[in-house]
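Single-structure report; data block below.
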Amino acid sequence: MTLSRREFIAANGALLGAAVLPRSLLAEVEARSAPMPALKDWNQIRRQFRLTPEYLHFSGFYIASHPQVVREAIESFRNALDANPFLTVEHGMFESEAQNLQEKVRVDIAAYLGGKPDEIALTPNTTTGLALVYHGLPLKSGDEVLVTTHDHVVHHEAIRLSTERNGASVRKITLFDDAARASAEAIVSRVREGIGPKTRVLGITWVHSATGIRLPVRQIADAVGEINSKRDEKERMVLVVDGVHGIGAVDATIADLGADFFCAGTHKWMFAPRGTGIVWARAQNWARLRPLIPSFSDLEVYEAWTEQRPVRGPTVAARVSPGGFLAYEHQWAMGTAFRMHQQIGRARIAQRVAELNGRCKDGLSSIKKVRLITPRDASLSAGINCFEVAGQKPGETVKRLLERKIIASESPYAKSYARLSAGLMNTPEQVDQAVAAVRAIAG
Ligand SMILES: Cc1ncc(COP(=O)(O)O)c(C=O)c1O
């Protein structure tokens, strides 16, 4: 539930009555629902991006270039905010449920995720989402958080910072020794072996930015569910998934993936505005969390404060969405990116990502001095391809590709690899050019 206008006005001592956003600003604010272009062919989709043509962009997964439809939505909201910040924020955030722009964003996101709008918390990125979940879970001394050795620094740090406060212990397990030869069955059995009697949380990453491997999240969730079914209610584990490199790249109904908490930035594969993300969870899981950051999106919290009484009811997603005034033009334009993905088609996007990256992996594997780290199997990979060139450090490979105007990246992990990642901004021909450049520098 959102703050009503009356409540907000009362809080600010203003008396505007039923002030309405001027028609011109209303049009700006409503531009989010402007008709989406057909986006039928890949060249038309590629033209959505304003990427410099001097380079071949193979690190699109790092942080999004805003597509045209998203730029336009941001611009509309920005115009309205610059013209009249007070009335625009009032209208968009506090006036009524029906006009609330965060609600509209949640509706667009839920249509893509397959869940319900009120299951979604809006965050600035994956990092904040993970921190909200790990700090919000009621962990205590004697509980264990089980995580893997493959996760991103922000995932491990969210756990460290939380468990240093609450006294729970942390254990890390390795899910495979060689990503290229991993199998879903072997990964799931490592998970089963790793879970201990005190494990209360299992943290995993859907698509690893360290190796490009995609975990069989559904099968892991089923294993967790089976172990949980033999446990007392209070000893059951929750599954936390860092899904940032799966959402927008893989054709999956995220609400059915099996995660209890799904955390993702939407400013990578989803092409939503930079500085946006989500946490998705069902109502019973939100109810387990203690919010960490004050919310602007939950009327009950505000009413409890004004009436000087305890907050009623269970924690809900809106109560966990960090409040404070934000760069609203970015947050409110998130929905446009989700609608763009729906318009192109989730399955079509995933197929394109698989085709381009499959082509990249085939090409890299054909080079004698190159070792591909990411599995060739499309069901165990997504859009990130990690590799090493014999006799070269990953940083050197990336630098030499950059000299050839190809933007690759180096994975920021203790064991790092060079990475090429193809997305909707790339063509099969560009993939071939990138592979040819790797061949040339491999010697
Ligand atoms: C696996 C993984 N998780 C989390 C992050 C951090 O993402 P965000 O910028 O959305 O916090 C990254 C960064 O690229 C990542 O690769």
Side-chain angles (χ1 to χ4, degrees), residues 57-66 70 109 120-135 147-162 172 175-176 179 202-215 217 220 239-250 254 257 259 261-280 292-293 320-322 326-327 330-331 334 337-338 353 357 373-374 380-386 394 398 407-421 423:
H57 299 266
F58 280 92
S59 295
F61 70 96
Y62 188 77
I63 187 144
S65 166
H66 296 160
V70 172
I109 298 174
I120 297 157
L122 302 178
T123 69
N125 43 44
T126 325
T127 304
T128 309
L130 289 167
L132 291 169
V133 171
Y134 283 106
H135 282 76
V147 69
T148 82
T149 53
H150 317 284
D151 309 293
H152 193 269
V153 56
V154 300
H155 199 154
H156 290 167
E157 279 297 281
I159 294 171
R160 182 180 71 83
L161 296 172
S162 140
K172 289 184 185 150
L175 299 180
F176 46 83
L202 171 63
I204 59 170
T205 301
W206 191 5
V207 177
H208 293 186
S209 48
T211 59
I213 198 166
R214 162 160 46 130
L215 293 190
V217 176
I220 292 173
L239 178 63
V240 178
V241 176
D242 170 350
V244 70
H245 296 297
I247 187 171
V250 175
I254 283 155
L257 206 57
F261 294 95
F262 180 91
C263 307
T266 50
H267 50 188
K268 297 181 192 282
W269 294 91
M270 284 310 301
F271 309 123
R274 294 179 284 271
T276 61
I278 57 158
V279 178
W280 171 88
L292 185 71
I293 300 177
V320 181
S321 295
L326 302 169
H330 276 212
Q331 189 184 68
M334 286 174 82
F338 280 82
V353 169
N357 290 287
I373 305 300
T374 308
L380 282 175
S381 56
I384 301 177
N385 311 302
C386 297
V398 169
I407 302 184
S409 65
E410 189 184 344
S411 54
Y413 290 81
K415 174 80 189 107
S416 87
Y417 299 108
R419 299 181 293 195
L420 283 172
S421 166

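Both ligands and their constituent atoms are indexed starting at 1 by order of listing.
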**Message:** Does the plane of the ring in H208 sit parallel, tilted or perpendicular to the ring in H150? Use 30° and 60° as the thresholds.
**Reply:** parallel
**Item:** Which of the ligand 1 atoms, numbered from 1, are nearer than 4.0 Å to a heavy atom of D242
**Value:** 1 (C), 2 (C), 3 (N), 4 (C)
**Prompt:** For ligand 1, which atoms sit closer than 4.0 Å to a heavy atom of G265?
**Reply:** 10 (O)
**Asked** Judged by modelled atom types alone, do T266 and T276 share a side-chain donor-acceptor pair under 3.5 Å?
**Response** yes
**Message:** If the cut-off is 4.0 Å to any non-hydrogen atom of T127, which atoms of ligand 1 fall inside it?
**Reply:** 6 (C), 8 (P), 11 (O)
**Asked** How far does CD1 of I384 sit from OH of Y417, to the nearest 0.5 angstrom?
**Response** 14.0 Å
**Asked** Which protein non-hydrogen atom lies closest to atom 8 (P) of ligand 1, naming both residue and atom, and how far is it?
**Response** T126 OG1, 3.3 Å
**Message:** Checking contacts here: is it the side chain or the backbone of H155 that comes within 4.0 Å of ligand 1, counting heavy atoms only? Could be both or neither.
**Reply:** neither
**Prompt:** Is ligand 1 less than 4.0 angstrom away from at least one heavy atom of H208?
**Reply:** no
**Prompt:** Quick one: does L122's side chain get under 4.5 Å of I109's, heavy atoms only?
**Reply:** yes
**Side-chain (R214) to main-chain (S381) donor-acceptor, under 3.5 angstrom** = yes
**Prompt:** How far is atom 9 (O) of ligand 1 from its nearest protein heavy atom, and which residue and atom name does that atom have?
**Reply:** H267 NE2, 3.3 Å
**Request:** Return yes or no for this condition: an N or O of Y413 is under 3.5 Å from an N or O of ligand 1.
**Result:** no
**Prompt:** Please state which protein non-hydrogen atom is closest to atom 14 (O) of ligand 1 and give its distance, to 0.1 Å?
**Reply:** K268 NZ, 2.8 Å
**Complete:** Closest to atom 15 (C) of ligand 1 among protein heavy atoms sits H152 CD2, 3.2 Å
**Item:** Contact partition for V154 relative to ligand 1, non-hydrogen atoms under 4.0 Å
**Value:** side chain
